[in-house]
Each structure stands twice: as structure tokens, then as C-alpha cells.
Q: 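Sharing a structure with you now.
All chains are named by letter (A, B, ...) in the order of the sequence lines, taking the proteins before the strands, and each is independently numbered beginning at 1. All figures in this text were calculated on a predicted structure; none of them were measured in a lab.
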Number of protein chains: 2
Amino acid sequence: MLTRTTIEQRGRGMGRVSGVRSVASLIEMMGAPMNFARNSEIYGEGEPADYLYQVVSGTVRTSKILADGRRQIGSIYLAGDIFGLEVDDEHTFSAEAITDSRVLVIKRSALISLAARDSEVAHQLWTLTGRELARVQDHILLLVKTAQERVVGFLLEMAERVPAGDMIELPMPRQDIADYLGLTIETVSRTLTMLENDGAIALPTSRRVMLRKRALGRLNA
Amino acid sequence: MLTRTTIEQRGRGMGRVSGVRSVASLIEMMGAPMNFARNSEIYGEGEPADYLYQVVSGTVRTSKILADGRRQIGSIYLAGDIFGLEVDDEHTFSAEAITDSRVLVIKRSALISLAARDSEVAHQLWTLTGRELARVQDHILLLVKTAQERVVGFLLEMAERVPAGDMIELPMPRQDIADYLGLTIETVSRTLTMLENDGAIALPTSRRVMLRKRALGRLNA
DNA sequence: CGACCATTTGATATGGATCAAGCGATGTGG
DNA sequence: CCACATCGCTTGATCCATATCAAATGGTCG
């Protein structure tokens, strides 16, 4: 865990930055790198949302534990994705590294005060939140479908997001897929074997999936 | 349906407005009133998102039809709520009036250009999108629970949002509740009668619900 | 009163959860 | 280098919550 001091040092002086207005490039220029081991917490639910994060490598999830102990995964972030941005001052979900991950961290207050002066930055913050909203809305649509449709939807989403061809490497174990889709690991597993039997995918290893998009598209009601 | 001309006329001159920076009050001052009959469309999925809306009276839903014909309701808007704000240029859901409704309409482009000059307005737009995000995230948590928990969650949400005591008037028929919760009307109906039998609610009419919050809270895992 | 629509109630079917066991890869200690 | 423990995944058997199909009831408006 990086110390607060280090982050402040790197975050300092943002007011002087000029001509750079993409939040992503601000993070890339001034973010402090931090490493998180598999399953370690990046921030907790209810904690003050003091930082904004960008995934450099690895995979991150946000999640919430329900009263009955079940866990719901809200979002999944892959390399390049920005997460942890809140409009309120508190994180509404917690965030954990799914695999060993490297992220860049930048102070939220610095961005917000920059946004007050620079309308381009303000627009970017808005856009980031809007993208998040769009993803969550898509997620809702997934959650009301059948198990097969959820799994197919998940695979197609991953195929879009990991820059690869038809062979994708799942960035997470079955349990995380299940908690993202609101299913059990057994159902996820069975559904994948079913898809394999139907020739819609191939599973050379449990983490590698060969997608036959034509067939999947047909199953993706 | 109000003509475009009328809306443009009222929307004109926003640049001259000064000292008023809440989006809600901008809409109230300059919005054009429109009326929509029960079940009529306010805007369609995929249409350009040229306007922003505020409910004056009535109830509005946003929805999407899934490939199999089922309908998912994304959000519900009551008097005072702002809806239709998009970061992209297109509406991702359609919006319909659940009951006869009156809404105020304002041009999105006017707000966006105002936001470019006025950081307070920019911050407001961001906040509105952030609130929407928070609601959708809560909605996701509802959708992975049992039928009883979903219905209880819905009732408690309504109790918070309609300014009333323990007796609330449901602003929508069973079918809309079902489509919001990802259930069938039969399950919603049965669950309500069950809650009544358990003494957690009373149902003097199908639209009026007397909430015994103590009991409901206990059921709301 | 009668027609229509929303809601409730009933009977049955089924998709996914649960409980349980087996399997295959990875890693560790002897 | 092999035996064994561990962990993630798959497969199997059964159960149960909710969907589906069907009919009855109730409330509203002409």
C-alpha cells in the first residue's frame, strides 16, 4: 500500500497543467502507481471517495455484500478503465483486485477543483459517470434474462472489452462471473458446458474461451 | 404534443439568465409544459436526446423491450424528478407516462452550452447523472433478491419517495411494478397478499398500501 | 345492468438453487 | 520425483421459488 504522502506529492501542481484535459491522460501523467494483490481491497463500501483509479494491468471488481451473505458484483474493470469516481463523497460499493493488479491513483478533489475552472474537465467527469450509468443499465438488462442469456451476454461483453479476436481469456474465476450475473457457480459452469456442447463456444481450458459469435448472437435473445 | 417551435421560444435567452444555477430551477423558470396521456410515449429508445424533462404531476417510467417481448422498466419518476438527461446524444431507454402526466421540457443543448460557461451548472448536470447512477445501482441490488424482498424493497422505496406517512398510494398498476422488479404480475399480487396476511401491510384497495415499517424492515433482508 | 380491465387466486410446470460427490490442475513436503 | 493436499471447476440428484396457464373476482364506466 502506497502512503498518502506519495500520492499527494504526485498529485500536486495539477493547477499548472495546461492543455491536457482528458481525465485519462491526467491520471496517466500524474497518477501514483499502486499494486494490489489478488482479492485485496482497494477501497471499502462507505469509505470517503478521495481518489480516482485507472487500471493499468489486472482486473478489478466492485461489489457489495447483501444481508444474507451473498455478494453482488456491480462492475468489472479491465486495463485502461477508470473506476472509483463518485459524485457523492462516499464509495457506494467496495472495490477489490480480482487478479494481481496495478492501478494509477489520483486525488478526486484535485480533479473536481480543476473541473470548476476547466469546463472541458468538467465535461469529462460527467461523461465518465454517464458511461458508468450506461454500463449499469446494460447490467440490469442482463440480470432479468435466463441463465443462458446472461452467460452469453457476459461472454460477448468480455469479447468486446478485452482486445482480442474470438479467443478470449476470462479475467476472473467462476465465482466472480456468478456473482456478476446473479447466478451460482454451478449454473455458470453447466451453462458453459452446454454452450460448448451446442458448438457455440470451445473451452480449451476453464479460463480460455473460443467464441463462435455467429452462434452466440443467435442465443443472445 | 407541443410543437418544437413553442419549446424553442421558451428555451431562448437562457444565456441572459444570471444567478440561477440549479437545473431544477432553470427548468421551472423556462421549461415548456407538456401533457401526456396515460401510456403515451414521451420519447423513444434511440431517439435524439434533445430535451430534458421534469415531472410536474403524474408518474413516468423508462423502459426497454427485450428480444422475447418482455419489458424491463429502468426507472420510475415522480413529481419533482428530472429525467431524460443523457450524456450521449441518444436516449437509451424509452419514456412513457404511467398515469396522465404533466412535465416541463427544456432544451438539453441550452443546458450543455450553459454548463460550458457556468461551472455550477456543469456540476449540477454531473450530480443529476450521479444520482441516476446511484438509483440504478440500488435497482440492481433489488433484482438479485427474492420476490418478497423485491416487493418489500419497492414499497419502502416508494414510501421514501412519495411524501406521505405510512399510507401510500401506488402510482402504477401491478404490471408496471412487475416489470420494474423483474417479476410477473401474479407473483407481485401473491406477494402482496402474503405480506398482508403476515400483517406487514394492509391493502384497503389495490392501489393503497398501509405500511407497517417495523415489520417490513425485518423482511427486507 | 353489463362489458371491460385490473387484480387475485388456483393448479401445475420448470429453471435454477442447493446439496453432494468427483475430477483435474497446481503446488508442497518428504 | 512422487504422494498428497488444496483449490477451482464440473457433474449429478433433488428441491423449491417463481413462471405459466387458467379461471374467478372485483371495480369502473357506459
Q: Send over the distance from Arg208(B) CZ to dG27(D) P, rounded to a whole Å.
A: 15 Å
Q: Would you indicate which nucleotide in dT7(C), dC9(D), dT18(D) comes nearest to any side-chain atom of Leu183(B)?
A: dT18(D)
Q: Roughly how many Å is it from CD1 in Ile98(A) to P in dG8(D), rounded to a whole number?
A: 14 Å
Q: Expressed in angstrom and rounded to an integer, what is the separation of Leu143(B) atom CG from dG16(C) atom C1'?
A: 17 Å
Q: For a quick test of reading the model: is some side-chain N or O of Ser206(B) closer than 4.0 Å to OP1 or OP2 of dA6(C)?
A: no
Q: So, Lys145(B) and Asp68(A), do they make that salt bridge, N to O below 4.0 Å?
A: no
Q: I'd like to know if Glu186(A) reaches the base of dC19(C) with its side chain, counting only an N/O donor and acceptor under 3.5 Å.
A: yes
Q: Less than 4.0 angstrom between a side-chain N/O of Thr184(A) and OP1 or OP2 of dG16(C), yes or no?
A: no
Q: Who passes salt bridge (Lys or Arg N to Asp or Glu O under 4.0 Å) against Glu169(B), sequence neighbours left out?
A: Arg208(B)
Q: Closer than 4.0 Å, any side-chain N/O of Arg207(A) to the OP1 or OP2 of dC9(D)?
A: yes
Q: Output yes when Asp179(A) and Arg174(A) qualify as a salt bridge under the 4.0 Å nitrogen-oxygen rule, no when they do not.
A: no
Q: Whether Asp89(B) and Arg108(B) form a salt bridge (side-chain N of Lys/Arg under 4.0 Å from carboxylate O of Asp/Glu) is what I want to check.
A: yes
Q: Under 4.0 Å, heavy atom to any atom of DNA chain D: which of residues 189-201 of chain A qualify?
A: Ser189(A), Arg190(A), Thr193(A)
Q: Figure out the CG/P separation between Asp179(B) and dT7(C), and round it to whole Å.
A: 12 Å
Q: Should the pair Tyr53(A) and Tyr43(A) be assigned to parallel (<30°), tilted (30 to 60°) or perpendicular (>60°) ring geometry?
A: tilted
Q: Any side-chain donor-acceptor pair under 3.5 Å between Ser189(B) and Glu186(B)?
A: no
Q: Give Thr205(B) one of three labels, base, sugar-phosphate or nothing, depending on what nucleic acid heavy atoms sit under 4.0 Å from its own.
A: nothing
Q: dT7(C) P sits how many Å from Leu203(B) CG, rounded?
A: 11 Å
Q: Would you kindly give the CG-to-C1' distance between Asp176(B) and dT7(C), to the nearest whole Å?
A: 14 Å
Q: Using whole Å, report how far CD of Gln175(B) lies from P of dT7(C).
A: 9 Å
Q: Is the closest basic N to carboxylate O distance between Asp166(B) and Lys213(B) below 4.0 Å?
A: yes
Q: Measure from CD1 on Ile185(B) to C1' on dC21(D) and round the result to the nearest Å.
A: 12 Å
